[in-house]
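Structure record follows, encoded as structure tokens.
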Amino acid sequence: MKQLPLAGVRVADLSMMWAGPYATRILAEMGAEVLKIESPRAWDNIRTLVPQENAPEPWNSAFYFNDYNRDKKSVTLDLAQARGREVFLDLIRHCDVLIENYRADVMENLGLTYDVVTQYRPDLVMVSMAGFGKTGPERDYVGFGPIIEQMAGLASKTGFPEDGIPMKTGISYGDPVAGIAAVGAVVLGLIQRRKTGRGTWVDLAQRETMAAQIGEAFVAASLRGEDPVRRGNRSARWAPQGVYRCAGTEQWLAVSVRSDTEWDALAGVIGAAELAGLPLDQRRARHDELDARIEAWTAAQDPQDAMEALQAAGVPAGRVLDTLAIHDDKHLTARGYWVDLPHPKSPPWRQPSTSWRMLEANPQLRRHAPLFGEHTREVLSSLLGLTATDLAALESAQVIADAPINPTVG
Amino acid sequence: MSDLPLDGVRVVEVGGGISAAFATRWLAGYGAEVIRTEGPAGLLTPDEEVYLLAGKRRVAVPDAELRELILRADILVEDGRPGALAARGLDPVALRAAKPELVVVSITPCGQSGPYALQEHTNITVHALGGIMSITGMPHLPPLVNGGSQAYQLGGMNGFSAAVTAYYGALVQGEGDWIDISLQECAAGMLELYGPRTEHTTKEAHVRMGNHTSATWGIYPCVDGFAGVCCLARQVPSLYQVVGEPELMQEKYLDPLQRLENDPIVAAYMYAWFAERTRAEIIALGPPNKVPFAGVFTPGELLDSEQLRVRGLFDQVSTPSGVAKVPGRPFLGFEWRPLGHLSGPAEDTEAVRRDWLGVPA
């Protein structure tokens with residue numbers, strides 16, 4: 001059976017929240033062994049970010065944590081204690097990759113800079129992914145996803161023209177964007193190590209990977225001094241384009257007409273044959289009127305039926321799938337995208353499979369997210385040879401633990 | 001000897017949209033030799049061409065010759081319709097059989113299989129299918145597409161990282177793979193807590209919340225534009241200290257659950273505080289107080305950013321209209337080849353035929 005591309009790669013994962021864990025979820029999907037390392041005192045806040053009423057072990061049952069940390073192993077180590085730091089550095093000897101997304105100064109404060117960790121593993125690939133990078137006058141800024149998209153220019157391009165308000169994405173978009181790029185950084189480091197024998201320290205600023213998502217806007221700004229134009233859902237290139245209300249509560253359909261042919265087809269489907277033949281300049285000039293005509297039709301349509309009717313006529317259309325409908329989308333279902341993954345501390349729920357479908361290696365979700373510290377003993381004994389006595393001493397000193405020492409901190 | 005991590009790696013880009021062009025842009029910058037075969041005219045705007053095509057060799061060759069080029073490459077990235085390559089005699093399965101180490105990355109709106117696979121989509125219609133749009137925008141307005149072309153861009157960024165991952169696998173194991181990347185799936189797997197919460201707990205669709213997930217996680221008007229704040233529960237007391245309203249230091253505004261019940265009151269304080277300050281004044285208060293503040297900046301303003309200048313983010317691309325500045329290396333730590341030269345369509349055909357196929361000029 002064909003192996004996954006990162007089989008045999010071991011990752012020490014100090015990342016928390018979403019950006020780093022999103023990266024390491026992909027690394028795990030691609031076959032890497034990911035050791036998620038958390039301190040019993042300073043653990044991943046995502047475990048309790050969303051309050052869970054009456055949950056006996058909220059740090060183990062959080063869907064937010066469990067969705068983005070599946071296929072990983074959980075190891076606890078208090079890096080602020082000398083013994084914890086010592087064990088961590090011993091563990092690094094056995095790892096190919098170290099990844100962290102702390103604020104820029106945290107690894108320095110822990111005494112775990114690249115210079116230090118490479119004394120233990122000289123060819124280590126280390127990826128740091130602070131919001132604004134490790135250098136420069138803004139290195140100490142604190143960043144979460146919405147902060148990143150404001151500071152990188154994306155929010156200035158998103159919004160409706162009428163109200164003048166720049167809009168943030170409904171998710172913390174900066175996080176997964178940085179996470180996807182970080183996987184590339186990790187693997188480039190592995191490629192370079194294979195070629196040269198050298199390790200690498202990558203300084204990834206989440207703001208900069210986000211700026212790369214709107215590169216064409218920097219061209220416009222630098223060549224012509226243009227500021228972004230917020231167009232709502234309309235297109236600068238073709239018309240009509242918009243998001244139209246459908247039958248039902250909060251049901252919507254996106255429609256995008258790129259050509260005269262597509263316009264004529266749309267006009268036919270919505271019963272506006274008299275508007276067929278309208279050229280692009282007229283479609284632009286009469287956009288409001290055309291929007292009203294389109295919505296007069298969609299408002300009586302089921303969004304799925306409307307999408308399929310327009311698609312059958314060759315018109316680009318996409319149902320705005322909400323967070324409920326997307327889990328029952330027939331296309332994603334047919335592709336086996338949602339996977340019902342059991343978890344010992346939570347009811348099963350459908351989770352997304354990998355977005356990188358390697359058609360031959362065929363990556364599959366392998367295991368639910370680990371329980372807090374579930375693999376501490378296994379990893380420390382198998383890799384470092386620690387004995388039961390050693391582990392008991394670590395537990396007694398609260399260097400390792402099976403539950404957070406301060407479970408109310410989040 | 002070059003220290004570029006992808007020095008010596010050969011890449012063919014077929015298709016011509018944003019997704020394939022973005023994926024190969026980063027491959028080119030990190031040292032791969034990228035040749036781009038032109039897709040249908042007009043897929044990219046002139047500004048997108050400047051950003052996405054600089055540093056690549058642009059060729060136009062018959063399909064039989066393109067096949068030979070692909071078989072001399074390490075990575076093929078394409079974003080055409082499913083089946084389009086096979087119809088041209090370039091079936092990825094056959095290419096992989098002919099060259100097992102070859103990596104093929106196919107980026108399409110909905111993937112290579114399934115009922116939507118052959119649908120027609122643009123950035124906005126496939127973004128709609130990915131779920132993010134349903135929770136972006138104001139609750140009283142239609143769902144809102146992101147600025148730029150984020151569905152396509154996400155496909156491109158996933159394409160880059162997937163390509164190097166499979167290439168690494170080929171180096172280690174001797175075999176590449178064919179990677180099927182769906183723009184819909186790229187988005188559907190990153191619905192933050194909202195997708196999992198719906199499926200796991202609420203069984204209800206998440207509603208759009210505009211610019212305010214809560215009063216302490218949102219964007220506000222300020223003196224010279226808009227600025228934002230995003231606080232975890234542990235950062236909220238520091239935010240209140242910065243805002244300087246003793247009224248806020250009460251349990252009903254500090255406790256995570258009670259705070260949400262009193263969110264409009266907290267928001268009123270925030271509106272008032274932000275309205276009296278500039279973006280720079282607000283952002284400067286972040287590091288000393290460990291409060292995550294932001295300003296909404298335009299790309300034009302970012303071109304003058306001291307932080308981005310010091311870190312050397314921007315490349316310069318020579319164009320007939322002048323020198324464009326574009327985001328260059330995505331991260332520091334590897335040598336990067338600035339992508340400054342923009343070839344014209346098919347300009348490099350003869351040179352590539354000579355260098356890759358040994359065809360004399």
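In what follows, every chain begins at residue 1, and chains take the letters A, B, ... in the order their sequences are listed.
The shortest non-hydrogen separation linking A:Ala221 to B:Pro299 is CB-C, 4.2 Å. Of all heavy-atom pairs between B:Ala188 and A:Ile326, the closest is CB-CD1, 3.7 Å. Of all heavy-atom pairs spanning A:Tyr141 and B:Ile283, the tightest one is CE2-CG2, 3.1 Å. Scanning all heavy atoms of the two residues, the minimum distance from B:Ile124 to A:Ser256 falls at CG2-CB, 3.8 Å. When all heavy atoms of B:Leu257 and A:Pro51 are compared, the closest pair comes out as CD2-CG, 3.8 Å. Nearest heavy atom pair, residue A:Tyr337 against residue B:Gly189, reads OH-N, 3.0 Å.
No donor-acceptor pair closer than 3.5 Å links the side chain of A:Glu360 to the backbone N or O of B:Ile179. Remark: the backbone N or O of A:Pro166 is paired with a side-chain donor or acceptor of B:Asn211 at under 3.5 angstrom. In this structure a side-chain-to-backbone donor-acceptor pair under 3.5 Å is present from A:Ser355 to B:Glu185. Side-chain N or O atoms of B:Ser161 include one that pairs as donor or acceptor with a backbone N or O of A:Ile180 at under 3.5 Å. Of the possible donor and acceptor atoms, none in the side chain of A:Thr323 sits under 3.5 Å from a partner among the backbone N and O of B:Gly195. Within the 3.5 Å criterion, the main-chain N or O of A:Glu138 finds a donor-acceptor partner in the side chain of B:Gln307. B:Glu199 places a side-chain N or O within 3.5 Å of a backbone atom of A:Arg350 that can act as its donor or acceptor partner. At distances below 3.5 Å, at least one donor-acceptor pair connects side-chain atoms of A:Arg237 with backbone N or O atoms of B:Gly42. A:Gln150 contributes a side-chain N or O that, together with a main-chain N or O of B:Gly228, makes up a donor-acceptor pair within less than 3.5 Å. The main-chain N or O of B:Pro143 is found under 3.5 Å from a side-chain atom of A:Asn233 such that the two form a donor-acceptor pair.
Contact tally against chain A (heavy-atom pairs below 4.5 Å) for B:Gly328, B:Ala324, B:Ala162, B:Gly218: the top residue is B:Ala162.
With a 4.5 angstrom heavy-atom cutoff, A:Arg245 does not touch chain B via any of its atoms. In this structure, chain B has no heavy atom under 4.5 Å from any part of A:Arg231. Only the side chain of A:Met17 comes within less than 4.5 Å of a heavy atom of chain B; its backbone N, CA, C and O stay farther away. With a 4.5 Å cut-off on non-hydrogen atoms, A:Asp67 touches chain B through its side chain but not through its backbone. Looking at A:Glu250, only its side chain comes within 4.5 Å of chain B, counting heavy atoms on both sides. Both the backbone and the side chain of A:Pro316 come within contact range of chain B, judged by heavy atoms closer than 4.5 Å. Contact annotation for A:Gln311: only side-chain heavy atoms (C-beta onward) come within less than 4.5 Å of a heavy atom of chain B. Heavy atoms of A:Ala220 lying under 4.5 Å from chain B belong to its backbone as well as its side chain. Interface residue A:Val9: only side-chain heavy atoms are found under 4.5 Å from chain B. If you measure heavy-atom distances from A:Gln241 to chain B, the contacts under 4.5 Å come from the side chain alone. For A:Leu27, no part sits under 4.5 Å from any heavy atom of chain B, backbone or side chain. Residue contact with chain B, scored on non-hydrogen atoms closer than 4.5 Å, involves the backbone and the side chain of A:Trp356 alike. Only the side chain of A:Tyr68 comes within less than 4.5 Å of a heavy atom of chain B; its backbone N, CA, C and O stay farther away. When heavy atoms are compared at a cutoff of 4.5 Å, A:Val183 approaches chain B by way of both its backbone and its side chain.
Between A:Trp18 and B:Met190, the closest side-chain pair of non-hydrogen atoms falls below 4.5 Å. Proximity of A:Asp203 to B:Arg311: side-chain heavy atoms (C-beta onward) are separated by under 4.5 Å at one or more points. The side-chain heavy atoms of A:Arg207 and B:Leu308, taken from C-beta on, include a pair separated by under 4.5 Å. Looking at B:Asp177 and A:Pro5, their side chains never come closer than 4.5 Å, going by heavy atoms from C-beta outward. Contact of the A:Arg258 side chain with the B:Glu120 side chain is registered, since non-hydrogen atoms from C-beta on lie closer than 4.5 Å. Residues A:His327 and B:Leu191 form no side-chain contact, since every pair of their non-hydrogen atoms from C-beta on lies 4.5 Å or further apart. The shortest side-chain heavy-atom distance between A:Glu216 and B:Ile18 does not fall under the 4.5 Å cut-off. Using a 4.5 Å heavy-atom threshold, the side chains of A:Leu359 and B:Val104 count as separate.
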Do A:Tyr64 and B:Glu192 pass the side-chain contact (heavy atoms from CB on, under 4.5 Å) test, and can you show the C-alpha distance, the side-chain angles, and the key distance before you say yes or no? CA-CA 8 Å; A:Tyr64 198 175; B:Glu192 204 175 4; 3.0 Å; yes
Evaluation steps, side chain to side chain donor-acceptor pair (under 3.5 Å), between B:Gln150 and A:Tyr173: CA-CA 10 Å; B:Gln150 295 309 306; A:Tyr173 187 54; 2.7 Å; yes
Test log, rule side-chain contact (heavy atoms from CB on, under 4.5 Å), inputs B:Thr213 and A:Lys168: CA-CA 10 Å; B:Thr213 306; A:Lys168 74 181 189 68; 3.3 Å; yes
Could you walk me through whether B:His200 and A:Ser346 pass side chain to side chain donor-acceptor pair (under 3.5 Å), step by step? CA-CA 9 Å; B:His200 177 275; A:Ser346 173; 2.7 Å; yes
For A:Asp329 and B:Gln184, run side chain to side chain donor-acceptor pair (under 3.5 Å): C-alpha distance rounded to whole Å, both residues' side-chain angles, the deciding distance at 0.1 Å, then the answer. CA-CA 11 Å; A:Asp329 178 56; B:Gln184 182 191 24; 3.2 Å; yes
side-chain contact (heavy atoms from CB on, under 4.5 Å) between B:Lys290 and A:Arg103, intermediate numbers included: CA-CA 10 Å; B:Lys290 299 281 192 288; A:Arg103 203 180 59 229; 3.4 Å; yes
Audit row: B:Ile219, A:Met167, side-chain contact (heavy atoms from CB on, under 4.5 Å) steps and yes/no: CA-CA 8 Å; B:Ile219 298 175; A:Met167 294 297 299; over 6 Å; no
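Ion pairing between a basic and an acidic side chain is recognised when a charged N comes within 4.0 Å of a carboxylate O; A:Lys195 and B:Asp7 show no such pairing.
Distance CG/B:Asn158 to CD1/A:Ile26: 6.0 Å, rounded to 0.5 Å. Going from atom CG of A:Leu332 over to atom CG of B:Leu129 covers 8.0 Å, rounded to the nearest 0.5 Å.
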